[in-house]
Enquirer: 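Below you will find the structure I want to go over with you.
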Amino acid sequence: MTEDLLDDAAVRFLEACQHAELSEDARERLRRPNSSLKVSIPVRMDDGSMRTFAGYRVRYDDTRGPAKGGIRFHPSVTAAEVTTLAFWMTFKTAVMDLPFGGGKGGVSVDPKELSVAELERLSRGYIAAIADVIGPDVDVPAPDVATNEMVMGWMAHEYAKITRAHQPAVITGKPLALGGIPGRSSATSDGAFHVIATLRDRVLADVDEPTAAIQGFGNAGAQLAQRLADDGWKVVAVSDSSAAVHDPDGLDIASLRAHKDDTGALSDPPVGEEIDAEALLALEVDALIPSALEGAIHADNVGDVRARVVFEVANGPVTADADAILDDAGVEVVPDILVNAGGVTVSWMEWVANRQGEQVAEQDVSARLEARMVAESEAIATLADEQDLRLRTAAYVHALNRLGAAIDATGTVATFNGTS
Ligand code: NAD
């Protein structure tokens with residue numbers, strides 16, 4: 001599965017290379033990650049026993065700035081998965097024109113099996129293990145699946161202890177009280193909402209009250225469901241790892257969020273009917289919004305998809321082979337490297353504020369986020385029209401043009417063989 005992911009990333013890269021003005025040097029540089037670190041993290045468990053966990057940090061490319069990318073705690077984390085996610089981050093930061101490269105980290109663990117104290121020891125142990133390869137000017141981690149503000153706070157604190165210096169810019173997504181930024185926890189869903197609003201006329205021009213099905217009711221998916229419902233969308237189905245809930249007339253998202261906050265799961269929902277998890281992907285809706293994990297829509301289930309457009313809030317939720325089938329079927333896919341880039345965009349604002357020792361007001365964060373998401377969405381749509389590309393390819397080309405320019409600014413073959 002994860003090796004396939006790397007293959008999928010390569011398919012997208014090679015396809016975009018055909019349409020971008022990219023030197024051979026840039027192509028060569030972007031083929032492999034700059035550095036990959038695998039660590040073992042010993043953790044003292046509450047019962048006194050010792051367990052070691054496998055952790056990873058990959059810096060894919062840092063030509064445009066320090067590597068940037070989240071830390072994932074999940075049993076499926078492998079070196080290949082982290083490398084693929086770091087590759088996507090390289091393109092995401094370039095899509096948004098942020099002064100960052102791409103990185104990613106993770107620990108192979110089921111955090112639900114750990115007590116809070118064990119989770120703290122693991123978080124601190126992970127940072128101790130990777131401290132040599134991160135830093136505000138080197139590689140800047142952030143939250144991802146199953147890591148949250150508190151985990152980032154522990155990690156920033158541990159880094160300060162190790163380096164004996166207060167360096168909040170080493171990690172973003174921290175609690176406000178530890179140098180976080182207002183609006184970070186809703187940044188991914190806010191950013192996705194702005195992309196959807198900007199492209200709505202392009203992909204769903206003829207619909208007044210669009211319908212949506214959202215797979216993944218976590219940080220990103222649940223908040224986006226709320227924003228869409230507040231904006232007049234009919235969110236007819238949502239799911240998490242415990243259950244999928246459906247109401248063709250539109251779900252009351254606020255009550256589902258309250259239920260999930262109370263019980264920790266969507267199962268036994270107060271509204272709607274429970275349906276099969278796969279049935280959510282097959283609903284006849286205007287927009288299908290996968291917001292859980294990668295590979296949700298693959299060759300075996302893509303034939304069931306009846307949505308008109310897919311907005312990828314999760315990273316890599318549509319495999320490359322399924323993507324080609326959706327394209328043939330005329331289903332527009334708006335890619336992850338644009339749709340979910342709001343998180344890293346607000347992380348960039350947090351990093352800047354930390355370095356300057358400033359605080360930023362929430363309205364400034366949200367105004368700057370909206371302006372950037374709208375501008376880059378429009379730029380990608382224009383590029384798609386000009387070069388007759390799918391939105392995914394256009395987003396990659398948009399990023400590659402910026403990455404290629406940065407790499408070429410350090411010299412190309414023509415610089416060194418005297419032909420320039
Ligand atoms: P999260 O852990 O808060 O939520 C993930 C949700 O997906 C949970 O509700 C979980 O129960 C659900 N889920 C897991 N497996 C499922 C399945 N098979 N079917 C249905 N639901 C399932 O994570 P998140 O932060 O919301 O991230 C979700 C996705 O968005 C990930 O791919 C992540 O990489 C991506 N993303 C998140 C951010 C961010 O800032 N949170 C930024 C960029 C990208």
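Numbering of ligands and ligand atoms starts at 1, following listing order.
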Enquirer: Would you check, one step at a time, whether the test salt bridge (charged side-chain N to carboxylate O under 4.0 Å, His left out) holds for E15 with R392?
Expert: CA-CA 10 Å; E15 189 187 344; R392 185 190 306 280; over 6 Å; no
Enquirer: Which residue holds the protein heavy atom closest to atom 27 (O) of ligand 1, what is that atom called, and what is the gap in Å?
Expert: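 Result: V145 CG2, 4.0 Å.
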Enquirer: What part of Q223, side chain, backbone, both or neither, has a heavy atom within less than 4.0 angstrom of ligand 1?
Expert: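 Neither part.
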Enquirer: Go through ligand 1 atom by atom and flag the ones less than 4.0 Å from a non-hydrogen atom of N340.
Expert: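 Result: 43 (C), 44 (C).
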Enquirer: Which bit of H74 is near ligand 1, meaning a heavy atom under 4.0 Å away: side chain, backbone, both or neither?
Expert: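 Under 4.0 Å from ligand 1, H74 contributes no heavy atoms.
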Enquirer: If I apply the N/O under 3.5 Å rule, does K92 come out as touching ligand 1?
Expert: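 N/O-N/O distance under 3.5 Å: no.
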Enquirer: For the backbone of I71 and the side chain of T147, can you confirm whether one donor and one acceptor N or O come within less than 3.5 Å of each other?
Expert: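 Yes: the side chain of T147 pairs with the backbone of I71.
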Enquirer: Which residue and non-hydrogen atom of the protein lie closest to atom 4 (O) of ligand 1, and at what distance in Å?
Expert: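 Closest protein heavy atom to atom 4 (O) of ligand 1: G218 CA, 3.2 Å.
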Enquirer: Going by side-chain hydrogen bond (donor to acceptor under 3.5 Å, both in side chains), name the residues that satisfy it together with D249, two or more places apart in sequence or in a different chain.
Expert: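 Once residues adjacent in sequence are excluded, D249 has no partner under the side-chain hydrogen bond (donor to acceptor under 3.5 Å, both in side chains) criterion.
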Enquirer: Looking only at protein heavy atoms, which one is nearest to atom 39 (C) of ligand 1, and what is the separation?
Expert: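 Result: T188 OG1, 3.1 Å.
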Enquirer: What are the atoms of ligand 1, with element, lying closer than 4.0 Å to any heavy atom of R184?
Expert: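 What qualifies from ligand 1 is 40 (O).
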Enquirer: Which of the listed options, N315, L281, D240, holds the heavy atom that is closest to atom 36 (N) of ligand 1?
Expert: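 Comparing heavy atoms across N315, L281, D240, the nearest one to atom 36 (N) of ligand 1 lies in N315.
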Enquirer: Taking A94's backbone N and O only, do any of them form a donor-acceptor pair with R402's side chain (distance below 3.5 Å, no angle check)?
Expert: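 Yes, the answer is positive, given that a donor and an acceptor are paired below the 3.5 Å cut-off.
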Enquirer: Give the numbers and elements of all ligand 1 atoms closer than 4.0 Å to a heavy atom of D144.
Expert: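 The atoms of ligand 1 under 4.0 Å from a heavy atom of D144 are 33 (C), 34 (O).
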Enquirer: Which residue and atom name correspond to the protein heavy atom nearest atom 19 (N) of ligand 1, and how close is it?
Expert: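 For this ligand atom, the closest protein heavy atom is Q215 NE2, 3.7 Å.
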Enquirer: So which protein heavy atom does atom 10 (C) of ligand 1 come closest to, and at what separation?
Expert: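 Scanning the protein heavy atoms, the shortest distance from atom 10 (C) of ligand 1 goes to S241 N, 3.9 Å.
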Enquirer: So which protein heavy atom does atom 16 (C) of ligand 1 come closest to, and at what separation?
Expert: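 The answer is A292 CB, 3.9 Å.
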Enquirer: Against heavy atoms of S291, which atoms of ligand 1 measure under 4.0 Å?
Expert: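 The list of qualifying atoms is 28 (C), 29 (C).
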Enquirer: Around atom 26 (O) of ligand 1, find the nearest protein heavy atom and jot down its residue, atom name and distance.
Expert: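 Answer, as residue, atom name and distance: A220 N, 2.9 Å.
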Enquirer: Once you restrict to heavy atoms under 4.0 Å, what part of A146 touches ligand 1? Side chain, backbone, both or neither.
Expert: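 Within the 4.0 Å criterion, A146 contacts ligand 1 through backbone atoms alone.
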Enquirer: So is L293 polar-close to ligand 1, meaning N/O to N/O under 3.5 Å?
Expert: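 Such a contact does not occur with ligand 1.
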Enquirer: Can you find a non-hydrogen atom of S239 under 4.0 Å from ligand 1?
Expert: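 True for this residue.
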Enquirer: Could you tell me whether the side chain of S377 and the main chain of T198 form a donor-acceptor pair under 3.5 Å?
Expert: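 Answer holds: no.
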Enquirer: Looking at R72, which atoms of ligand 1 are within less than 4.0 Å of one of its heavy atoms?
Expert: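 Counting atoms of ligand 1 from 1, those under 4.0 Å from R72 are 32 (O), 34 (O).
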Enquirer: Looking at every non-hydrogen atom in both residues, tell me the closest pair between R64 and A406 and how far apart they are.
Expert: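 Here R64 and A406 meet closest at CG-CB, 3.7 Å.
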Enquirer: Less than 4.5 Å apart, any side-chain heavy atom of W233 and any of I196?
Expert: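 W233 vs I196: side chains touch.
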Enquirer: Contact between ligand 1 and E294 is defined here as a heavy atom of the residue under 4.0 Å from a ligand atom; is it met?
Expert: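 It does not, in that no heavy atom of E294 comes within the 4.0 Å cut-off of ligand 1.
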Enquirer: Just checking, is any N or O donor in the side chain of S115 or D46 under 3.5 Å from an acceptor N or O on the other one?
Expert: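 D46 and S115 do have a side-chain donor-acceptor pair below 3.5 Å.
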Enquirer: Take E118 and R51 through the test salt bridge (charged side-chain N to carboxylate O under 4.0 Å, His left out) and record every step on the way to the result.
Expert: CA-CA 10 Å; E118 289 166 344; R51 267 182 77 185; over 6 Å; no
Enquirer: Can you report which non-hydrogen protein atom sits closest to atom 3 (O) of ligand 1, along with the distance?
Expert: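 Minimum-distance protein heavy atom for atom 3 (O) of ligand 1 reads N219 N, 2.9 Å.
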Enquirer: Locate the shortest heavy-atom distance separating A399 from F91; write the atom from each residue and the value.
Expert: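 Minimum heavy-atom contact is CB-O, 3.5 Å.
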Enquirer: Please list, one pair per line, the donor and acceptor atoms closer than 3.5 Å that link side chains of residues 335-348 to other protein atoms, with sequence neighbours excluded.
Expert:
unit_1	atom_1	unit_2	atom_2	d
D336	OD2	G316	N	2.7
N340	OD1	K92	NZ	2.7
N340	ND2	V313	O	2.8
N340	ND2	N315	OD1	3.0
T345	OG1	A341	O	2.7
S347	OG	T172	OG1	2.8
S347	OG	R184	NE	3.0
S347	OG	G343	O	3.4

Enquirer: With side chains defined as the heavy atoms from C-beta onward, is the minimum distance between I380 and L391 less than 4.5 Å?
Expert: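 Yes, their side chains come closer than 4.5 Å.
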Enquirer: Decide whether a cation-pi geometry holds between R12 and Y396; the criteria are a distance under 6.0 Å from NZ or CZ to the six-membered ring centre and an angle within 45° of the ring axis.
Expert: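 No cation-pi geometry.
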